[in-house]
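Following: one structure in structure tokens, then a few remarks.
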Amino acid sequence: MNQSSDFRITLLGTGVPTPRPERFGPSTLVEAGDRKLLIDAGRGTTIRLHQLGVPLGRIDALLLTHYHSDHTSGIPDLWLTGWLGSFYARRSKPFRVIGPVGARMLMTNLEKAYAADIKIRIEDERLPLEGIATAVEEFHQDGVVYDKKGIKVIAFEVDHGDAIKPAYGYRIEYNGRAAVISGDTRYNANVIKYGAGADLLVHEVAAARPELMAEAYIQRIIAHHTTPREAGLVFRQTRPKLAVFTHIVLLGSEKVPASEIDEIVCETRQIYDGPLQVGEDLMSFEIGETITVRRLLPETGSR
Ligand SMILES: [Zn+2]
Ligand SMILES: [Zn+2]
């Protein structure tokens with residue numbers, strides 16, 4: 001029998017910029033002990049948290065991987081809605097954001113953009129000033145960025161392309177176990193270095209059919225990400241208890257249909273034969289002696 005564990009990773013959004021209803025923007029919930037951390041806040045983060053019954057104000061810190069908008073467009077919603085006085089929100093302490101250089105500018109400008117709303121709600125709803133304040137910490141190199149209540153989060157630089165810097169992944173350590181989130185990256189040795197010995201390795205993936213690869217824009221997108229075969233190489237070298245795909249980029253065009261999930265798995269399997277799961281929104285992974293996978297949403301087949 002698997003002992004239940006208080007270390008759990010839940011994929012809130014497994015998508016990309018495509019506005020699909022079944023794959024929301026990138027966001028991953030980390031629960032360890034009584035702490036709840038979020039990694040990225042893409043489109044729909046608040047909806048997924050609400051589906052889980054997690055009050056928006058319960059998030060202890062938001063960690064950002066990089067500044068592509070699909071990873072950050074849910075921030076104002078989480079920050080502002082999380083401040084409301086209703087049961088699903090109620091943040092009464094500052095909104096804590098940890099990210100590579102750029103986090104401060106993002107939050108400072110959001111404070112300016114939403115100044116009218118903040119002023120209105122303070123006067124009208126008497127919401128606590130503390131709850132809308134922001135507390136931002138920036139980092140600029142690999143290292144520990146969060147260390148509280150037995151949870152240690154280590155940021156590590158990844159390679160999302162020469163023009164897309166900074167870009168980081170995260171390793172979360174708790175109770176002798178580790179989960180690693182690749183962030184957006186092409187095949188990168190740092191993911192293997194920090195992914196070594198991980199129980200759970202959550203990795204991005206991108207695929208396009210060979211006939212699409214002649215297109216310059218497709219080449220550019222694929223060059224920013226990790227192909228299924230490359231992901232297989234990462235998994236083969238890190239040997240996690242479970243490898244999981246998220247941020248699933250399936251490129252297509254008007255003429256050429258996008259790759260299917262099964263094809264991604266098939267290509268990965270040419271390189272890697274260990275445990276592998278294709279992530280879905282609200283799929284959770286309880287990390288104990290073994291890893292227990294749960295789904296909150298029913299399977300809907302092709303996505
Ligand atoms: Zn990106
Ligand atoms: Zn992305």
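As the structure is a prediction and not an experimental result, all values here were calculated from the model. Note that ligands are numbered from 1 as they come in the structure, with each ligand's atoms numbered from 1 the same way.
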Might you work through the salt bridge (charged side-chain N to carboxylate O under 4.0 Å, His left out) test for Glu204 and Arg186, ending with a clear yes or no? CA-CA 9 Å; Glu204 70 120 88; Arg186 45 191 181 195; over 6 Å; no
Tyr170: partners by side-chain hydrogen bond (donor to acceptor under 3.5 Å, both in side chains), with sequence neighbours left out: none
As a test of reading the structure, name the N/O/S atom of His160 that is nearest the Zn ion (ligand 1). NE2
Run the salt bridge (charged side-chain N to carboxylate O under 4.0 Å, His left out) test on Lys93 and Asp60 for me, step by step, so that the C-alpha distance in whole Å, both residues' side-chain angles and the decisive distance to 0.1 Å come before the verdict. CA-CA 9 Å; Lys93 52 186 193 214; Asp60 294 294; 3.4 Å; yes
Under the salt bridge (charged side-chain N to carboxylate O under 4.0 Å, His left out) criterion, do Lys165 and Asp184 qualify, and how do the steps go? CA-CA 11 Å; Lys165 290 177 187 298; Asp184 282 19; over 6 Å; no
Carboxylate-amine/guanidinium contact Arg239 Asp273, below 4.0 Å: yes
Just so I know, are the side chains of Glu215 and Arg220 near enough to count as touching, which here means a heavy-atom distance under 4.5 Å? no
Counting only protein N, O or S atoms and ignoring waters, those under 2.8 Å from the Zn ion (ligand 2) are His71 NE2, Asp184 OD2, His247 NE2
